[in-house]
Chemist: 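Submitted below is the structure of interest, expressed as structure tokens.
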Amino acid sequence: MNIILRVWRQKNTRARGRMVTYRVEDVSPDMSFLEMLDVLNERLTLEGDEPIAFDSDCREGICGACGLVINGLAHGPKALVTTCQLHMRSFSDGDVIDVEPWRAEPFTVIRDLIVDRSAFDRIIQAGGYISIPTGAAPDAHAVPVPKADADDAFDAATCISCGACVAACPNGSAALFVGAKITHLGLLPQGQPERHSRALNMLEQHDAEGFGGCTQIGECTAACPKGIQLDVISRFNRDVLSAISHRGD
Amino acid sequence: MTEQTLVDGLYREGPSIRDTKAPDGPLDRQWSERKFGAHLVSPTNRRKLTVIIIGTGLAGASAGATLGEAGYQVTSFCYQDSPRRAHSIAAQGGINASKNYRNDGDSDYRLFYDTIKGGDFRSRESNVYRLAQISGSIIDQCVAQGVPFAREYGGLLDNRSFGGVQVSRTFYARGQTGQQLLLGAYQALERQVAAGTVTTHTRHEMLELVVIDGRARGVIVRNMVTGQIETHLADAVVLASGGYSNVFNLSTNAMGCNATAIWRAHRKGALFANPCYTQIHPTCIPVSGDHQSKLTLMSESLRNDGRIWVPKTAADQRDPRQIPEDERDYYLERTYPAFGNLVPRDIASRAAKKVCDEGRGVGPGGLGVYLDFADAISRLGKETVTARYGNLFDMYERITGEDPYQVPMRIYPAVHYTMGGLWVDYDLQSNLPGLFVVGEANFSDHGANRLGASALMQGLADGYFVLPNTINDYLASSPHDPIGADHPAVVEAATTVRDRITTFLSAQGARSVDSFHKELGHIMWEYCGMERTEAGLRHAIDEIRRLRGSYWADVRVLGEAEELNQSLEKAGRVADFLELAELMCIDALHRRESCGGHFRAESQTPDGEAQRDDENFAYVAAWEWAGADSAPTLRKEALRFEWVELKQRSYT
């Protein structure tokens, strides 16, 4: 099939970007979206045009490196997949497809479709961990964890930190990302001692990075390729409120 | 040296080497004795010492966190935009530990024995025993970090049996164990960033090692956003940069995985051990066309219930559901009636290639075999099959657009792990003092074949527990003379990097980097893949040399040096793959035996099984770089087996 791509091109952070139109022919429905871009890049290189820069690494939906806004949707039209798992069979001959980077103030465009997501690392640094130096751990069976809690913690822990939640949110909030980590660690007995400080410190860093507040719109969970549920944000809020109310103790 | 000393026209043999760090004495005492014998660095001195770590996968992140906790100043680099994206994240299956929580007779010795035997008796007893001893502590550490392992209703950890062993010792977090373990290590690393002991540099790539007076003293890296070439100096350098499967272009590795860090270190004198030991996984989703960028692995647990077959006649284009039973060849069940579809990875892989070479392969390009669940669905019901394999079926359908409940899956083998790597002693130190190598980047523990669920174990053992103990012994003799950025060795390394970049950008050839990578991948897959022959390897070496010759003249890299330039990044990696590929073929050619993942067609039993030659090849082949146009030098480390008896495996 043949498609028309309109792709955001921007030479660097300071440069002005613009949408550039490319016609891509003989697209196989079995190609992934990123393989289609590879094929276009091969052609651009041979024609002397600089290839389109985009992030991707594992190409199996787990590393979280890739992420494009495709026709206005973070990771494109299919639910529960990352951009690298989207295939061209989801599109039709003659389609015009807009391809843009994540748009959010803390995610500066570095080049073309690549943005800076280092704010996420700094939020984790603020408290997204359990303090347990190597060698200090008790036996793994010393503390039983109810299966239901372990399963729920796992579900939250599957966040791949891709940033689609932020890209989809009208407020540019990263509450789903933060809530997922708070839920993962907060559901486990090992995560209890730092539960309050974790919530407050991660919230503070989240705001300092310039992410917006959550108004419970829910676009984040709809865009999330891992199906992280909105209730992680409720848990985040609850831990923050509980932390504030305990602060006087 | 003279021309006469050339062996096979390809390499020279140098003096043998040996590991001098593992203490003599009983196997189970060696690690504690080594720890006791190693020098320590006092806590107050640690903050004055710096360690560079390249890579933030399981080995690199765990080492960085642990050394930071100990009080060293750690500088960590990764090419990804976050340390959490390193390719360990994609590991599915699980992590082994000899906890014996099942009371099924497991022990350190049994895990050690299984690993040595699985490695086809081509690894060191001392290293492997230590790995088994440490395995339990890894699980403790990860649980304490909040890694959400699968649990039973009583709240205790669940285990499963994995990779053909008879005990249940594999801990797992659904099909995403690598992700969860890496997040644990990543969070520990970020905690140290906040504590001020670790500095992370993301989107940075190591392009050269700085060696002064024979010691590793630093690295030259490229900031992949600005293109700036930076010098970082330290008291020790740790390479945790992963394996080199992407020399095959198509593999299950991530797009960015590369051998540049270990290859540049090799060129600076670090020995490269057993480069030909690669592992091929039988159950991957086949290539769908020339556009294919990487391959996706599916858990081999699928072989428990799926039946593998191809049509009996070549080029049978019928819908598989229209092919009657008596026109199907269930070739594994036919050839290996005792094990059927559950034969080991390498046997299943070679058998698939064989039927495809006969023209009986299915799907695009005839590179695939059917993995059919029709019998399992009628025997167990769709519900049970969904419970067991639902997520894998979904993944398959997402990628291929075919519903495996209706149509048989198509599978094909793919490269997914490299057992070879830089040579290290028991301390995980390379032959260059101050250069340590951990995780998949070293050669240490898996011999000629890695068992399932052992890669995660080794990465974390190295990073959390081995390196942080052994590196003290080296750092205790630090600090060495301070060096400036104007030291001739630093200038030389940085100049090499800049010159190479200039060469790429000025070549203005006619071919993209990717096209060379694809061509190299074809050569390697065909001749240095799952079956290797004398003639094929010689042909491959000629082809690689020809391709390498044309690369520098004909490659086209657009853009500039001082900006984000993905073609330029790939150009350097492919240049190094083009050199590594030749060494892999030379190693595969010289090893005229079959062992583990290395199958030489000339060395097989009458049943088609790998035939080892312990008399002549029970050694580690460590290769020394001798210059760009010179034959490499082979240094042998003899393998002694005092605690296990060497056996030939049989599955027929």
Side-chain angles (χ1 to χ4, degrees), chain A residues 11-12 28-32 34-35 38-39 42 45-46 48 50-51 53 55-60 62-65 81 85 87 89 110-111 114 117-118 120-121 124-126 128-134 136-141 144-147 150 153-154 157-158 161 184-185 188 190-191, chain B residues 65-66 69 80-85 87 89-90 99 101 139-141 143-146 148-157 173-174 176 179-180 183 187-188 190-191 193-194 202 225 254-256 288-289 291-294 296 398-399 401 464-465 468 512 514 556 558-559 563-564 566-567:
Chain A
K11 193 159 172 60
N12 55 48
S28 154
D30 288 330
M31 283 177 183
S32 72
L34 298 182
E35 285 169 345
D38 291 340
V39 169
E42 173 77 16
T45 302
L46 297 182
E50 286 185 34
D55 266 329
S56 83
D57 207 19
C58 78
R59 295 207 177 182
E60 49 187 88
I62 194 75
C63 77
V81 298
Q85 295 177 299
H87 281 72
R89 66 180 78 92
I110 295 174
R111 182 176 186 137
I114 296 180
R117 286 173 291 197
S118 55
F120 276 4
D121 288 335
I124 296 296
Q125 284 159 25
Y129 48 75
I130 288 169
S131 297
I132 175 76
T134 304
D139 184 87
H141 272 176
V145 180
K147 179 172 164 52
F154 176 88
T158 57
S161 187
H184 160 209
L185 300 177
L188 298 169
Q190 292 85 357
Chain B
T66 306
E69 288 160 4
Q80 298 88 350
D81 75 322
S82 165
R84 65 179 287 152
R85 304 203 202 285
H87 192 57
I89 200 133
K99 282 283 196 185
Y101 281 158
I139 304 303
D140 299 341
Q141 185 64 31
V143 165
Q145 288 171 343
F149 284 117
R151 287 182 184 265
E152 298 180 319
Y153 285 101
L156 301 180
L157 295 163
R174 244 171 269 175
Q176 290 159 241
Q179 178 197 31
Q180 295 308 317
L183 293 184
Q187 288 163 197
E190 295 295 355
R191 176 171 165 261
V193 172
T202 59
V225 175
M255 302 298 288
S288 70
H291 54 262
Q292 193 84 30
S293 57
K294 69 101 59 179
T296 302
R398 242 184 343 253
I399 293 174
Y464 281 135
F465 296 106
S512 70
D514 287 345
R556 171 181 291 195
L558 301 172
E563 62 178 10
L564 189 147
Q566 293 179 315
S567 304

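The sequence lines fix the lettering, A, B, ..., with proteins before strands; numbering per chain opens at 1. These values consider heavy atoms only, across backbone and side chains, with no hydrogens, waters or symmetry-generated copies.
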Chemist: Which residue out of A:Ile62, A:Asp57, A:Asp30 racks up the most heavy-atom pairs below 4.5 Å with chain B?
Modeler: A:Asp57
Chemist: For the side chain of B:Glu152 and the backbone of B:Gly154, is there at least one donor-acceptor N/O pair under 3.5 Å apart?
Modeler: no
Chemist: Mind checking the CG-CD1 spacing from B:Leu564 to A:Ile110? Nearest 0.5 Å is all I need.
Modeler: 7.0 Å
Chemist: Using non-hydrogen atoms and a 4.5 Å limit, figure out which bit of A:Glu42 sits close to chain B: side chain, backbone, both or neither.
Modeler: side chain
Chemist: Is B:Leu183 in contact with chain A via its backbone, its side chain, both, or neither, using a 4.5 Å heavy-atom distance?
Modeler: side chain
Chemist: Quick check: closest heavy atoms across B:Thr66 and B:Pro468, and the distance to 0.1 Å?
Modeler: CG2-CG, 3.5 Å
Chemist: Top residue by heavy-atom pair count (under 4.5 Å) with chain A, among B:Ser293, B:Gly289, B:Gly146?
Modeler: B:Ser293
Chemist: Which one, B:Ser567, B:Ala90, B:Ala65, B:Ala188, leads in non-hydrogen pairs under 4.5 Å with chain A?
Modeler: B:Ala90
Chemist: Going through the distances and angles, do B:Lys294 and A:Glu60 end up as a salt bridge (Lys or Arg N to Asp or Glu O under 4.0 Å)?
Modeler: CA-CA 9 Å; B:Lys294 69 101 59 179; A:Glu60 49 187 88; 2.5 Å; yes
Chemist: Examine whether an atom of A:Ser32 lies under 4.5 Å from a heavy atom of chain B, and if so say whether it belongs to the side chain, the backbone or both; otherwise answer neither.
Modeler: neither
Chemist: Please flag which part of A:Pro51 lies under 4.5 Å from any non-hydrogen atom of chain B: side chain, backbone, both or neither.
Modeler: side chain
Chemist: Under a 4.5 Å heavy-atom cutoff, which of A:Ala53, A:Ser161, A:Ala126 has the most pairs with chain B?
Modeler: A:Ser161
Chemist: How about A:Arg89 and A:Met31: do any of their side-chain heavy atoms sit closer than 4.5 Å?
Modeler: no
Chemist: Taking the basic N atoms (NZ, or NE/NH1/NH2) and the acidic carboxylate oxygens, is any pair closer than 4.0 Å for B:Arg84 and B:Glu190?
Modeler: no
Chemist: Which atoms of B:Ser82 come close to chain A, meaning under 4.5 Å heavy atom to heavy atom: side chain ones, backbone ones, both, or neither?
Modeler: both
Chemist: Given a strict heavy-atom distance threshold of 4.5 Å, which part of A:Asn12 is in contact with chain B: side chain, backbone, both, or neither?
Modeler: neither
Chemist: Heavy-atom distances under 4.5 Å only: say whether A:Ile114 touches chain B with side chain, backbone, both or neither.
Modeler: side chain
Chemist: Where on B:Phe149 is there a heavy atom nearer than 4.5 Å to chain A: the side chain, the backbone, both, or neither?
Modeler: backbone
Chemist: Among A:Val81, A:Thr158, A:Ile124, A:Asp121, which has the most heavy-atom pairs under 4.5 Å with chain B?
Modeler: A:Asp121
Chemist: A:Leu185 versus chain B, heavy atoms under 4.5 Å apart: side chain, backbone, both or neither?
Modeler: side chain
Chemist: Hey, does B:Thr296 have a side-chain heavy atom less than 4.5 Å from the side chain of B:Arg398?
Modeler: no
Chemist: Counting heavy-atom pairs closer than 4.5 Å to chain B, which one of A:Asp38, A:Leu188, A:Asp55 comes out on top?
Modeler: A:Asp55
Chemist: Under a 3.5 Å cutoff, is there a donor and acceptor pairing between the side chains of B:Ser512 and B:Arg556?
Modeler: no
Chemist: Is there a donor-acceptor pair under 3.5 Å between the side chain of B:Arg85 and the backbone N or O of A:Gly64?
Modeler: yes
Chemist: Measure distances from A:Arg111 to the heavy atoms of chain B and classify the residue's part below 4.5 Å as side chain, backbone, both or neither.
Modeler: side chain
Chemist: Given 3.5 Å as the limit, does a donor-acceptor pair link the side chain of B:Gln180 with the main chain of A:Ala157, or not?
Modeler: yes
Chemist: At a heavy-atom separation under 4.5 Å, does A:Ile132 approach chain B through its side chain, its backbone, both, or neither?
Modeler: both
Chemist: Check whether B:Arg151 reaches the backbone of A:Lys147 with its side chain - one donor and one acceptor, N or O, closer than 3.5 Å.
Modeler: no
Chemist: For A:Val39, is it the side chain, the backbone, both or neither that has a heavy atom under 4.5 Å from a heavy atom of chain B?
Modeler: side chain
Chemist: Using heavy-atom distances under 4.5 Å, tell me whether A:His141 contacts chain B through its side chain, its backbone, both, or neither.
Modeler: both
Chemist: Hey, which of A:Pro29, A:Ser56, A:Pro138, A:Ser28 has the most heavy atom pairs under 4.5 Å with chain B?
Modeler: A:Pro138
Chemist: Does any heavy atom of chain A fall under 4.5 Å from the side chain of B:Glu69, the backbone, both, or neither of them?
Modeler: side chain
Chemist: Heavy-atom distance under 4.5 Å to chain A: side chain of B:Gln179, backbone, both or neither?
Modeler: side chain
